[in-house]
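Accompanying notes for the structure given below.
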Amino acid sequence: MTTILIIEDDDIMLKAVRNILTKAGYNVLTAKDGKEAFDKMENCEYDIVITDLMMPYANGLEVVSRLRSDSTKRHVSIIVVSSVGNEETITEAFRLGADDYLKKPIMAGELLIRLRKLIENRSTSNLKLVTKKK
Amino acid sequence: MWSDLTNLLYQAYEQYSFLPLFIEIALFFIFIAIFATIFAYGVILFRRWKGYVHDKRMKFIRPKVEEMITEQVLINENLEQIPVEEIEFDQAAINDKIFKKPWVRQVVIDILIQYRKNFRGEVGELLRKLYIDMNLTKDSFEKMKSLKWERKIKAVVELTQMDVQISDVTILPLTNSTNPSLRAAARNAYIQLSKNEPFKFFDVATEPILPWDQLELFRIITTTKDIAIPNFSRWVSYSTNKSVVSFCLKLIAHYDQQTAIPAVMDLLNNKDHYFRANAINCLGKLGAEAAEDRLTKIYATQPIHCQLEILKALGRIASGNNLEFLKNEFLFSSNFDVRMAAARSIIKHNTPASRAMVEDLRATTYEENKLIISHCLNPLIKH
Amino acid sequence: MRSFAYFFSQGTFWDVMGDFYQKAVFIYGTSLLMAYGLLAIMSLVAIRRYIKKNTIVDINIIVESPLAPGISVIAPAFNESVTIVQNVRSLLTFNYPKFEVIIVNDGSTDDTLDKLIDEFELVQVDYAFREKLNCEPIKRVFKSLNSAYTKLIVIDKVNGKSKADASNAGINLSSYDYFLCTDVDCILEKNTLIKLIKPFMDEETTKIKEVGEPCMECGFQHIKEDYRKVIAVGATLRMVNSCEVDEGLITRVKPPQKLLPRFQEMEYIRAFVLGKMGWDFINAVPNVSGGLGMFDKDVAIKAGGYDSKSFGEDMDLITRMGSYMRVHDRKYAVRYVPETLCWTEGPTTLKVFGRQRSRWSRGLAQIMSIHRRILFNPRFGRLGLIVFPYNFFFELLAPLIEFFGILYYIYLIYTHQINWPYAIILIIFVYTYSVMITTLALLWDQITFKYYKKWSEVIGLCFMAFLEPFVYHPLILFFALKGYFNFITGRKHVWGNMQRQGFGNQPKKDTEMKAA
């Protein structure tokens with residue numbers, strides 16, 4: 001089962017996304033600020049991170065950059081979900097290695113489709129890696 | 001007993017009236033001060049108690065509301081299976097006795113709005129349906145009738161957020177209200193909800209649109225679906241309201257309305273510096289090659305901030321025709337900001353010719369200019 | 001000798017003088033108290049207006065907007081090694097879409113800079129800038145290699161012995177139209193930028209009209225700006241001393257436990273909530289506090305930026321910005337936000353506290369003498385007719401008048417001339433009135449926001465109002481007089497070192513900082 005870590009400081013949104021994803025059959029972890037996020041990022045197993053950009057203690061870009069600089073977390077896909085309309089920030093997120101970006105207000109259906117797609121892509125690319133090693 | 005007291009008071013008053021004026025004043029204020037202090041304590045006490053009750057109520061009701069919305073909307077089985085209009089809510093759940101109390105209904109509205117801010121699409125639609133099915137529209141329209149402007153605004157905002165039609169007769173008078181906040185809220189509602197001519201109020205707006213109100217207006221215009229985007233050059237040419245014109249310039253740039261270029265270029269004759277600067281900025285963002293000649297021609301007569309805007313615009317247009325112009329400004333201007341802007345614009349061209357020019361300049365120019373170039377070339381520095 | 005004493009006790013000259021002084025002091029004192037009363041009423045109206053206007057507004061609208069104006073956050077740091085990393089981290093997490101954080105390392109002698117370089121992967125860059133404001137030379141400029149920290153700029157400069165100098169350096173490098181001035185050791189609320197930029201963007205009565213002949217230089221007709229331009233916005237400060245802080249974030253607001261900072265908390269609430277908001281109501285805010293303020297960069301630079309020689313550089317800047325606007329015939333406003341957005345550490349020892357207060361009053365005296373042409377000058381509008389006269393009579397002269405009043409009282413007691421019942425009534429008058437004003441301030445504060453969670457905390461603070469006239473006020477009086485003395489004698493100000501407590505779960509470690 002795929003595990004998803006949701007990092008979001010808006011309580012309503014966090015719970016809502018958690019409920020939707022749980023219903024869709026994912027295993028869900030949550031973090032409500034940068035500190036909790038870093039803690040869970042270190043100590044938990046997860047495959048996909050959905051992160052907000054602005055929150056207490058850290059910003060979403062730091063989350064992305066930290067994940068990408070950690071070689072043991074290479075396999076983790078990152079989706080940035082934010083209401084920021086500022087293009088620079090979005091470009092920055094992608095440059096740091098985010099896989100996808102969704103602007104709030106989001107469409108729940110779209111989020112699920114994108115998640116599915118990321119998981120599919122990942123399994124194929126992982127396969128490649130495995131075959132290469134052999 | 002009673003007569004004793006009145007007697008005492010009378011005596012006190014008699015003595016009081018014989019006192020010197022300044023002592024009378026002092027006594028009077030001592031009385032006021034003691035009374036006001038006790039009163040203030042009373043109010044603090046009362047407010048804290050009210051706050052406490054409010055918190056406690058919220059703690060109790062919010063989870064219940066959230067749970068209801070989660071069940072009815074977020075994890076609704078029928079979501080994405082059948083069209084939103086056909087989804088039926090569990091009547092027992094949404095008609096629970098608890099949701100009849102007015103204050104609870106307000107909490108439901110507030111929470112629904114919070115969800116709406118995070119979700120659009122099917123979920124958003126279903127949230128709206130819940131709002132209507134629970135008959136919360138009635139609560140909002142009730143508030144609209146209030147005499148207090150802040151309650152009116154709340155009503156307008158709720159209805160706008162929930163995409164509920166407000167009749168033009170109700171909303172149009174409010175768009176020219178003397179209260180700026182109410183005016184802004186009504187304007188936003190009108191744009192978002194009016195079916196036929198959402199931008200009509202641009203024609204009639206006499207009051208300025210404050211920068212803060214432009215934020216919301218911009219968001220509504222750029223995110224409301226099925227809104228017919230008109231050619232904003234209309235207002236650029238004809239509106240006498242400066243804030244409308246400068247707001248339209250931003251919209252023109254956002255929608256990249258190339259057809260507006262002639263109208264925007266007309267603004268270059270405007271007498272207001274800041275206005276001209278806005279127009280030049282807009283031309284740059286449109287990448288208006290047609291305007292380049294005009295810009296370089298008027299350059300010499302412009303005040304500094306317009307000059308900087310022109311240099312910036314030339315970098316955005318980046319046709320390559322004015323590289324020499326930029327180079328001259330970079331080399332010979334005595335103003336640091338001008339040189340900086342010129343260097344940035346040359347680099348922004350990013351063509352073989354411009355890159356060669358940058359290399360050339362870097363090799364030949366003096367120290368400070370070299371520093372400017374390496375500053376502008378450094379990817380770590382954004383400004 | 002005898003005739004001398006006789007002259008003193010019964011001489012007509014001294015009787016007349018004494019009588020005159022008594023009356024003058026009574027009128028002065030009453031008008032001062034009336035001014036406070038008026039401020040209390042005005043501030044209540046201003047606060048209610050602010051709350052009405054802002055509770056319905058969704059402030060997050062600006063976060064998602066591409067139209068949000070850029071803000072440069074400038075925070076000077078001097079030997080802040082213990083807390084620097086987490087404080088910079090918290091400055092980087094503002095809820096705002098377009099800002100930069102400029103940390104000015106003001107020639108620290110500890111490892112402040114090294115810590116920043118390590119933590120944020122900084123590298124030195126060639127940075128071209130023009131020195132628009134005077135400051136000590138800038139040695140190096142750093143940017144981060146990690147693009148999660150693109151917003152961060154670190155400046156290493158030669159110590160200029162003042163916050164003003166460091167702030168100027170930051171302004172020189174800032175690239176946005178507004179700048180926020182703060183201290184690196186202040187703890188800021190995450191919506192600070194939104195709440196402070198808002199007054200710049202929704203000042204009412206914006207109207208522009210064209211007047212006059214075409215300009216000789218550019219050939220265009222110039223515009224007379226007939227709208228009120230907001231040049232600066234400030235917000236309430238509070239003591240961080242006993243608050244619960246977690247990695248640069250306030251988790252629970254508490255009034256200070258120690259007596260001295262608790263008095264200061266009460267005083268800050270009164271000065272900001274009641275004072276500044278009252279002045280805001282009639283658009284006559286005298287000062288935006290150095291701990292937190294947002295400014296229009298253009299006007300600040302044209303007014304000459306901070307004066308590194310000033311002892312009250314914050315008020316000095318506002319005064320110069322205001323007089324710049326008035327001289328150029330433009331209407332302006334300085335606005336205040338009644339919410340607390342900044343928590344700062346108040347001095348806990350008498351020594352440091354005294355130094356801070358002496359410095360403040362010295363700064364006031366300095367400003368009054370430098371800008372004396374503004375006083376009663378109608379050309380400067382409210383600045384000359386309200387702000388300056390108030391500050392001159394009720395801030396600058398108050399300690400002196402009070403001091404001589406006490407001396408006179410002692411003399412009266414000594415010579416048995418005093419009318420005890422009247423004297424006691426007058427003292428009770430002043431006492432009850434001051435308690436009332438402070439209590440009202442605390443009430444207004446509770447109206448704005450319920451900061452303290454517990455009852456006992458509010459009561460504990462209210463209690464200070466009763467003690468203040470006996471304990472805290474004499475201290476302030478003493479240090480103010482000391483400040484004036486220093487001003488007159490021109491004594492060099494000693495930059496004190498304050499032992500920092502370090503907040504939250506930080507290990508207690510001794511570092512030094514400038515005392516206010």
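Chain letters run A, B, ... following the sequence lines, proteins first and then strands; every chain starts at 1. Computed from heavy atoms alone, side chains included, the values below leave out hydrogens, waters and symmetry copies.
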Could you check C/Leu33 against B/Phe29 for side chain to side chain contact (heavy atoms under 4.5 Å, CB included), going step by step and ending with a plain yes or no? CA-CA 10 Å; C/Leu33 296 179; B/Phe29 276 106; over 6 Å; no

Mind listing the closest non-hydrogen atom pair of B/Ala33 and C/Met436 along with its distance? CA-SD, 3.6 Å

Turns out that what part of C/Ala68 lies under 4.5 Å from chain B's heavy atoms comes down to backbone

If I measure from the heavy atoms of chain B, does C/Ser144 come under 4.5 Å with its side chain, its backbone, both, or neither? backbone

Kindly indicate whether the side chain of B/Phe22, heavy atoms from C-beta on, has any atom under 4.5 Å from the side chain of C/Thr30. no

So, for B/Glu150 and C/Ile56, which heavy atoms are closest and what is the spacing to 0.1 Å? O-CG2, 4.1 Å

B/Asn378 CG to C/Tyr127 OH distance, which is reported to the nearest 0.5 Å: 10.0 Å

Considering residues, nucleotides and ligands other than C/Tyr422, do more than 12 of their heavy atoms fall under 6.0 Å from its OH? yes

Derivation of the side chain to side chain contact (heavy atoms under 4.5 Å, CB included) call for C/Val125 and B/Ile381: CA-CA 8 Å; C/Val125 290; B/Ile381 304 171; 4.0 Å; yes

Just wondering, do C/Ile61 and B/Trp212 contact through their side chains at under 4.5 Å, heavy atoms? yes

Inspect the surroundings of CZ in C/Arg48 and state if more than 12 heavy atoms from other residues, nucleotides or ligands are less than 6.0 Å away. no

Measure the acute angle between the ring planes of B/Tyr41 and C/Phe466, then classify it against the limits of 30° and 60° as parallel, tilted or perpendicular. parallel

Can you give me the closest heavy-atom contact between C/Leu442 and B/Ile44, atom names plus distance? C-CD1, 4.4 Å

Should we say atom OH of C/Tyr36 is surrounded by more than 12 heavy atoms from elsewhere, each under 6.0 Å from it? no

B/Lys250 side chain near C/Leu67 side chain, heavy-atom distance below 4.5 Å: yes

With a 4.0 Å cut-off on N to O distance, would you call C/Asp126 and B/Lys370 a salt bridge? no

Decide yes or no for C/Asp202 and B/Asp213: does some side-chain heavy atom of the first lie under 4.5 Å from some side-chain heavy atom of the second? no

Check: B/Glu216 and C/Val57 side chains under 4.5 Å, non-hydrogen atoms: no

If you measure from CG on B/Leu371 to CZ on C/Phe129, what distance do you get to the nearest 0.5 Å? 8.5 Å

Would C/Thr150 and B/Leu380 count as a side chain to side chain contact (heavy atoms under 4.5 Å, CB included) if you check the C-alpha gap in whole Å, the side-chain angles of each, and the deciding distance to 0.1 Å? CA-CA 7 Å; C/Thr150 33; B/Leu380 295 179; over 6 Å; no

Measuring from atom CZ of C/Phe429 to atom CZ of B/Phe28, what distance do you get when rounded to the nearest 0.5 angstrom? 10.5 Å

C/Tyr433 versus chain B, the contacting section by heavy-atom distance below 4.5 Å: both

Using a 4.5 angstrom heavy-atom cutoff, name the option from C/Leu443, C/Leu440, C/Ile153, C/Thr439 with the most pairs to chain B. C/Leu443

Pick one of side chain, backbone, both or neither for C/Tyr176, based on which atoms fall under 4.5 Å of a heavy atom in chain B. side chain

Residue part contacting chain B, namely of C/Lys454, when any heavy atom lies under 4.5 Å: backbone

Count the heavy atoms of every other residue, nucleotide or ligand shown that sit under 6.0 Å from CH2 of C/Trp455, and state whether that count exceeds 12. yes

Counting heavy-atom pairs under 4.5 Å to chain C, which of B/Lys117, B/Lys148, B/His254, B/Glu368 comes out on top? B/Lys117

In Å and rounded to the nearest 0.5 Å, what is the CD1 to CG distance from C/Ile428 to B/Leu27? 8.5 Å

Chain C heavy atoms under 4.5 Å from B/Asp55: which part of the residue, side chain, backbone, both or neither? side chain

Measure B/Asp337 against the heavy atoms of chain C and call it side chain, backbone, both or neither at under 4.5 Å. side chain

Checking heavy atoms, do the side chain of B/Leu45, its backbone, both or neither come under 4.5 Å from chain C? both

How many angstroms lie between CZ in B/Phe336 and CD in C/Glu131, if you round to the nearest 0.5 Å? 11.0 Å

How long is the span from the NZ atom in C/Lys52 to the CD1 atom in B/Ile153, to the nearest 0.5 Å? 10.0 Å

Got more than 12 heavy atoms from elsewhere within 6.0 Å of OH, B/Tyr366? yes

Considering non-hydrogen atoms only, spot the tightest contact between C/Ser65 and B/Leu215 and give its length. OG-CD2, 3.3 Å

Let's test your reading of the structure: which of C/Ile447, C/Ile197, C/Val123, C/Ile459 forms the most heavy-atom pairs below 4.5 Å with chain B? C/Ile447

Between B/Arg219 (side chain only) and C/Ile62 (backbone N and O only), is there a donor and an acceptor less than 3.5 Å apart? no

Which residue out of C/Lys53, C/Lys450, C/Lys143, C/Lys198 racks up the most heavy-atom pairs below 4.5 Å with chain B? C/Lys198

